[in-house]
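A quick write-up on the structure given underneath.
Reminder, nothing fancy here: chain letters follow the sequence lines and each chain counts from 1. Just so you know, these numbers use all the heavy atoms, side chains as well, and skip hydrogens, waters and symmetry mates. Computed from a predicted structure; not experimentally measured.
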There are 2 protein chains.
Amino acid sequence: MKANLPGHDEPALPADLRMTPQRAVVHEVVKASYDHPTATEVFMRAKEHVPAISLATVYNCLDTLVAHGLLKQVNLDRASSRFCANMNDHVHFHCDQCGAVADAHPISEMPISTLWKLPEGSRVTRLDIALRGICPECVKKNATAKPQV
Amino acid sequence: MKANLPGHDEPALPADLRMTPQRAVVHEVVKASYDHPTATEVFMRAKEHVPAISLATVYNCLDTLVAHGLLKQVNLDRASSRFCANMNDHVHFHCDQCGAVADAHPISEMPISTLWKLPEGSRVTRLDIALRGICPECVKKNATAKPQV
DNA sequence: TAGCTTTCTTAGAATGATTATTGATCTCAT
DNA sequence: ATGAGATCAATAATCATTCTAAGAAAGCTA
């Protein structure tokens with residue numbers, strides 16, 4: 001498994017992106033976070049490096065970084081957006097019990113969009129896929145907490 | 001193709017659901033809508049039948065109907081939730097240009113969640129899948145509007 | 001059927017995430 | 001240097017949704 005290790009699989013900085021101190025910190029914070037933080041969580045972590053940064057700026061920076069292909073925005077239902085610096089092809093697994101979000105990488109090259117019958121002449125440009133369930137830790141917790149009745 | 005025709009593929013009313021006039025109207029409105037309306041759109045359409053109904057009641061009724069398996073809630077990014085009375089297995093195709101939402105039914109029995117490598121011991125209970133792109137109408141519009149440059 | 005309990009509905013307030021506004025500051029190509 | 005355009009911070013505004021409180025309706029129970 002190829003993880004999103006620092007220095008690997010990082011997209012080059014787009015030439016048209018002015019990398020301001022705030023944007024750099026927001027980018028670094030998300031890259032250093034393996035828990036898919038929300039904008040508010042990014043804000044709190046960024047403040048440790050740039051105490052004067054504002055939440056609005058964090059939102060602006062996140063938007064800009066997503067628009068320039070340096071971050072992914074992860075949405076589940078209508079909960080707060082989360083952000084992810086792993087730009088490799090992958091989807092997210094959300095634990096319904098503890099809320100953790102984990103990356104899940106594709107095993108095959110299967111062209112997934114062909115699995116459904118689309119209106120004739122449609123052009124698919126993007127797939128939004130999320131897996132939900134119970135993470136290994138919560139499965140274990142449940143097993144010890146409530147043994148077979 | 002089996003459409004969601006009235007009288008076909010409709011789940012039986014759950015015994016533990018009190019079918020109040022408001023809930024019945026909300027259910028009927030969504031069943032009669034083929035455009036996946038938002039809560040506010042359902043509210044406006046329901047008012048034609050029950051002028052005194054409130055938006056909060058529409059939200060309550062939609063929640064209850066979803067919880068009882070009579071409607072599906074459709075989320076894309078952080079836009080308003082939309083509602084769907086087609087309870088057959090399907091996903092949604094969203095046109096990024098006109099915003100239309102169309103049902104797309106599975107072609108095969110492929111166990112989709114096996115396409116990704118999940119944390120060892122995870123238990124997947126749900127798949128959230130949306131297809132995005134350009135619908136046939138907008139593809140046509142684009143072709144006539146801006147011919148090959 | 002009367003009385004009691006629970007559920008449902010309504011209007012309006014509250015929440016929470018996000019976006020818009022505004023004025024100040026910064027950057028970079030002239 | 002300078003002036004246009006980008007970015008920033010603080011704050012206000014927006015928007016979908018949820019909460020609250022009080023009244024209305026429906027369901028039991030005697």
Side-chain angles (χ1 to χ4, degrees), chain A residues 13-30 35-68 70-84 94 99 101, chain B residues 13-30 35-68 70-84 94 99 101:
Chain A
L13 290 186
D16 63 334
L17 172 65
R18 193 186 293 175
M19 189 50 87
T20 66
Q22 289 86 348
R23 287 175 184 173
V25 165
V26 166
H27 192 200
E28 286 307 317
V29 162
V30 179
D35 59 346
H36 300 84
T38 63
T40 304
E41 286 163 350
V42 172
F43 173 55
M44 294 188 303
R45 294 172 200 179
K47 271 178 96 76
E48 293 169 15
H49 303 95
V50 182
I53 200 169
S54 79
L55 179 56
T57 297
V58 169
Y59 271 104
N60 287 339
C61 293
L62 288 169
D63 281 355
T64 303
L65 293 168
V66 167
H68 284 81
L70 296 176
L71 294 181
K72 272 184 185 160
Q73 184 163 359
V74 182
N75 294 306
L76 184 71
D77 297 344
R78 292 190 41 81
S80 305
S81 290
R82 297 175 166 277
F83 296 86
C84 175
H94 301 249
V101 179
Chain B
L13 289 185
D16 62 335
L17 173 64
R18 196 188 289 177
M19 188 49 87
T20 67
Q22 289 87 347
R23 288 175 183 173
V25 165
V26 166
H27 192 200
E28 286 307 317
V29 162
V30 179
D35 60 347
H36 300 82
T38 63
T40 304
E41 286 163 350
V42 172
F43 173 54
M44 293 187 302
R45 293 172 201 181
K47 271 178 97 75
E48 292 169 15
H49 303 96
V50 181
I53 200 169
S54 78
L55 180 57
T57 297
V58 169
Y59 272 104
N60 288 339
C61 292
L62 289 169
D63 281 355
T64 303
L65 293 167
V66 168
H68 284 80
L70 296 175
L71 295 181
K72 273 185 185 159
Q73 185 164 358
V74 182
N75 293 306
L76 185 70
D77 296 345
R78 292 189 42 80
S80 304
S81 290
R82 296 176 167 276
F83 295 87
C84 174
H94 301 249
V101 179

R78(A) side chain vs A79(B) backbone, donor-acceptor pair below 3.5 Å: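 Checking the backbone N and O of A79(B) against the side chain of R78(A), a donor-acceptor pair under 3.5 Å is found.
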Side-chain donor or acceptor of H49(A) paired with backbone N/O of V25(A) under 3.5 Å: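 Checked: no pair found.
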Rounded to the nearest Å, what distance is computed from the [atom1] atom of residue [X] to the [atom2] atom of nucleotide [N]?
X      : N       : atom1 : atom2 : value
M19(B) : dC8(C)  : CE    : C1'   : 14 Å
D63(B) : dT10(C) : CG    : C1'   : 16 Å
R23(B) : dT7(C)  : CZ    : P     : 11 Å
D77(B) : dA17(C) : CG    : P     : 17 Å
I53(B) : dA25(D) : CD1   : P     : 15 Å
Y59(B) : dA13(C) : OH    : P     : 18 Å
F43(A) : dG16(C) : CZ    : C1'   : 15 Å
N60(A) : dA6(D)  : CG    : P     : 14 Å

Side-chain N,O (R78(A)) to OP1/OP2 (dT17(D)) below 4.0 Å: yes
Touch class at under 4.0 angstrom, heavy-atom based, for T40(A) against every strand present: nothing
Sugar-phosphate only, base, or nothing, as touched by T20(B) at under 4.0 Å among non-hydrogen atoms: sugar-phosphate
Euclidean distance, T64(A) OG1 relative to Q22(A) CD, rounded to 0.5 Å: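 One gets 11.5 Å once the value is rounded to the nearest 0.5 Å.
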Rounded distance (nearest 0.5 Å) linking atom CG of L62(A) with atom CZ of R23(A): 11.0 Å
To the side chain of [X], which of [options] is closest?
X      : options                   : answer
A56(A) : dA20(C), dT17(D), dT18(C) : dA20(C)
R18(B) : dT27(C), dG27(D), dA9(D)  : dG27(D)
S54(B) : dA11(C), dA16(D), dA17(C) : dA11(C)
Q22(A) : dC8(D), dA17(C), dC8(C)   : dC8(D)
T57(B) : dT9(C), dA17(C), dC8(D)   : dT9(C)

Shortest non-hydrogen separation from A24(A) to M19(A) and the atoms involved: N-SD, 3.5 Å
Given DNA chain D, 5'-ward residue of the pair A79(B) and P21(B), judged by closest heavy atom: A79(B)
